[in-house]
Visitor: 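Following this message is one structure expressed as structure tokens.
Nothing here was measured: the structure is a model prediction, and the numbers come from that model. Every chain is numbered from 1 and lettered A, B, ... according to where its sequence line falls, protein lines coming before strand lines.
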Amino acid sequence: MAGRIMSQRIMGAVSFYELQDAVGRIQIYAKRDEICPGEDKSMYNSVFKKLDIGDIIGVRGFVFITQTGAISIHVREFVLLCKSIRPLPIVKEQNGKTFDAFTDPEQRYRQRYLDLIVNPQVKDVFIKRTQLVNTMRNFLNEKGYLEVETPILQPLYGGAAARPFKTHHNKLDMTLYLRIADELYLKRLIVGGFDGVYEFSKDFRNEGMDRFHNPEFTQMELYVAYKDYEWMMNLVEEMVETVALALHGTTKVQVGENIIDFKRPWKRYSMYEAIEHFTGTDISNMDEAELAAFAKKVGVEVDSSMGRGKLIDEIFGETCEAKLIQPTHIYDYPIEMSPLTKKHRSKAGLTERFESICGGKEICNAYSELNDPIDQRQRFEAQLELGKRGDTESMVLDEDFLRALEFGMPPTAGLGIGIDRLSMMMTNSASIQDVLFFPQMRPEKKDTPNEQ
RNA sequence: GUCCCCGUAGCUCAGCUGGUAGAGCAAUUGACUCUUAAUCAAUGGGUCCAGGGUUCGAAUCCCUGCGGAGACACCA
């Protein structure tokens, strides 16, 4: 077998090392007189004993159990496969206590390879992330939906309210944007006649960074024709429950101080109900002035640009979101906040949209897709107005997307689910940086060549 | 973008009201034939994040910058 030396205990003519490979660690035992049967003991004294922690070696021998009961490999031959010329941080452990842990987040994220070597539990998080994606992919494939790929470089960005990254194509001499969502392209495919399409989509948003936000992040977006948002709520429950079971064998997952149970069915509140539930106040019939007064009362900073929808959204964020620990669907969002969402079939001013919240954080956003091209044009125009008033995250009008809708898109349910967020939840990680191999960091050295 | 906290050896950290830079592990040398945070002895190891200021004297006090963490704002 082969692996990296992680610890050495040399006892003169006998030594014990620990070798680590992709799956774990095992102790190896070597005896001078077996490695060097003749008079020349240099292979042991000058080579084996001089190996360093971090070196990668191959060994041949047999398995046995030491007097202290440790399963070990009794080494007959060994070969140095790769020398490590940098010292490895040494993490030691006894009785569950860890000594000299390699914990500096900056070094862990910048040198993830090192983090993975010395903190093997870090690997588990990333293995779980991949299992999560695989589980979702299998789940969606079994339902007959088609995994597709759509452009990352887009001439117009759309599908979400966010600031994009901008780049330039030399040959075409045109501005291109890195996608902030793949929604508008996937809906074009529904127009084109697919019944269900999905994409695991790397998206890019040129905004602030914190422990929940990285400039590039992964979303899974799914669109299914002839379905609506209620149907989608059931699908989300089923899919997330399946993920929890696949990763943990149970629907109960420890997240921070809470145990979150993803078992179906989840709680459901309309947005108005949720606000009433947590504040005792029914705001559904308030006018804008009353809403503004109530928002102030619950601690929202109100300014005059806020419309009814924004106020409701802020009130919800302030009073409800953090208190929703167990998985809950919040549905029927104000129309102002949802320019791509179908109007509610019966309630004026609302849309058929829901978000699923658990652990006090949103994990997905879904709706009955707006498929009326005239309404969609008006919504885009309203967004343009917002843009003129200085909203840097307002949407731009996508004429080709409207043309597609004008050919007719069947009623469709759409879903966007944050893979990083869900991974954090499913691996009990406090920071998005813990579920990304290489989170975005500032350059290490100031003098690295950079434009400007 | 704002507010706080942090930056000392390869790793984890100590360093008091300013007075010659420290420990454990790792490294090097030696002892030790079933150890497991192996042990024992010896040795080497520093741009105290960077720059400036105060001072006879700065790791320590002040200012600026860089990097990181956290909170707030915005977003997923």
Side-chain angles (χ1 to χ4, degrees), chain A residues 6-18 25-35 44-45 49-50 52-54 64-72 74 84-111 114-115 118-119 159-163 180-181 201 203-221 300-301 303 310 313-314 317 337 355-357 361-365 391-393 416-422 424 430-433 439 441-448:
Chain A
M6 296 306 289
S7 74
Q8 292 175 303
R9 291 180 287 276
I10 299 173
M11 243 131 294
V14 160
S15 24
F16 297 87
Y17 293 178
E18 274 179 303
R25 287 190 188 189
I26 192 165
Q27 177 169 270
I28 63 169
Y29 166 80
K31 204 170 179 177
R32 182 188 59 206
D33 296 344
E34 291 183 22
I35 284 178
Y44 180 80
N45 288 329
K49 279 167 75 178
K50 306 273 175 162
D52 288 321
I53 289 176
F64 77 114
I65 295 182
T66 64
Q67 285 173 8
T68 48
I71 296 172
S72 307
H74 193 123
S84 169
I85 59 172
R86 282 180 187 265
L88 213 55
I90 310 296
V91 180
K92 295 192 175 183
E93 201 178 310
Q94 190 187 33
N95 302 330
K97 268 191 289 182
T98 305
F99 301 83
D100 299 330
F102 179 64
T103 52
D104 178 11
E106 177 170 2
Q107 292 197 71
R108 285 186 51 223
Y109 302 143
R110 285 194 198 281
Q111 302 180 59
L114 197 50
D115 189 30
V118 302
N119 295 325
R163 295 171 67 184
I180 57 172
S201 157
D203 294 344
F204 307 84
R205 297 191 184 173
N206 206 344
E207 293 169 345
M209 293 166 60
D210 58 33
R211 70 195 181 93
F212 293 102
H213 300 269
N214 195 63
E216 58 182 285
F217 67 103
T218 307
Q219 263 200 106
M220 195 285 291
E221 289 196 37
V300 175
E301 279 182 38
D303 71 65
K310 180 77 178 162
D313 197 58
E314 290 287 328
M337 314 301 299
E355 293 190 359
S356 306
I357 295 175
K361 277 281 162 189
E362 175 195 337
I363 58 166
C364 75
N365 180 16
D391 184 344
T392 52
E393 294 177 352
I417 182 161
I419 298 299
D420 312 287
R421 294 281 177 84
L422 192 60
M424 287 170 66
S431 165
I432 196 169
Q433 298 175 112
M441 305 282 273
R442 284 198 168 79
E444 250 177 288
K445 283 176 192 155
K446 204 172 78 176
D447 51 285
T448 26

Visitor: Is the aromatic ring of A:Phe212 within stacking range of B:rA76, meaning centres under 5.5 angstrom and planes under 30 degrees?
Guide: no
Visitor: With the criterion being N/O to N/O and under 3.5 Å, what pairs connect the protein with nucleotides 37-47 of chain B, and how long is each?
Guide:
from: B:rA37; atom 1: OP1; to: A:Gln94; atom 2: NE2; distance (Å): 2.5
from: B:rA37; atom 1: O5'; to: A:Gln94; atom 2: NE2; distance (Å): 3.4
from: B:rA37; atom 1: N7; to: A:Gln94; atom 2: OE1; distance (Å): 3.4
from: B:rA38; atom 1: OP1; to: A:Lys92; atom 2: NZ; distance (Å): 3.1
from: B:rA38; atom 1: OP2; to: A:Arg9; atom 2: NH1; distance (Å): 2.8
from: B:rA38; atom 1: N6; to: A:Ile10; atom 2: O; distance (Å): 2.5

Visitor: Looking for any heavy atom pair under 4.0 Å, which part of the strands does A:Asn214 touch: base, sugar-phosphate only, or nothing?
Guide: base
Visitor: Does A:Arg86 put a side-chain nitrogen or oxygen below 4.0 Å from OP1 or OP2 of B:rG10?
Guide: no
Visitor: How is A:Glu216 classified with respect to the nucleic acid when contacts are heavy atoms under 4.0 Å: base, sugar-phosphate, or nothing?
Guide: nothing
Visitor: Of all the heavy-atom pairs spanning A:Leu114 and A:Phe102, show the shortest one and how long it is.
Guide: CD2-CZ, 3.9 Å
Visitor: For A:Arg205, report the nucleic acid contact type (base, sugar-phosphate, nothing); a contact means any heavy atom under 4.0 Å.
Guide: base
Visitor: Choosing from B:rA69, B:rU33, B:rG30, which nucleotide comes nearest the side chain of A:Gln433?
Guide: B:rA69
Visitor: Under 4.0 Å, counting only non-hydrogen atoms across every strand here, what does A:Asp33 touch: a base, just sugar-phosphate, or nothing?
Guide: base
Visitor: Taking a pair as Watson-Crick or G-U wobble with both distances under 3.5 Å, which nucleotide is matched to B:rA41?
Guide: B:rU29
Visitor: Return the 5'-most residue of the pair A:Ala161, A:Arg32 with respect to RNA chain B, ranking by each residue's nearest nucleotide.
Guide: A:Arg32
Visitor: Who passes side-chain hydrogen bond (donor to acceptor under 3.5 Å, both in side chains) against A:Glu216, sequence neighbours left out?
Guide: none
Visitor: Please report the distance, rounded to the nearest Å, between CD in A:Glu106 and C1' in B:rG70.
Guide: 15 Å
Visitor: Students often get this wrong, so: under 4.0 angstrom with heavy atoms, is A:Asn365 touching a base, only sugar-phosphate, or nothing?
Guide: nothing
Visitor: Scan the side chains in residues 9-17 of chain A for donor-acceptor partners under 3.5 Å anywhere in the protein, sequence neighbours excluded, and list what turns up.
Guide:
from: A:Arg9; atom 1: NH2; to: A:Gln27; atom 2: OE1; distance (Å): 2.9
from: A:Ser15; atom 1: OG; to: A:Tyr44; atom 2: OH; distance (Å): 2.9
from: A:Tyr17; atom 1: OH; to: A:Phe48; atom 2: O; distance (Å): 2.7

Visitor: Give a yes/no on whether any side-chain N or O of A:Arg163 is located under 4.0 angstrom from OP1 or OP2 of B:rC74.
Guide: no
Visitor: Is A:Ala101 touching bases, backbone alone, or none of the nucleic acid, heavy atoms closer than 4.0 Å?
Guide: sugar-phosphate
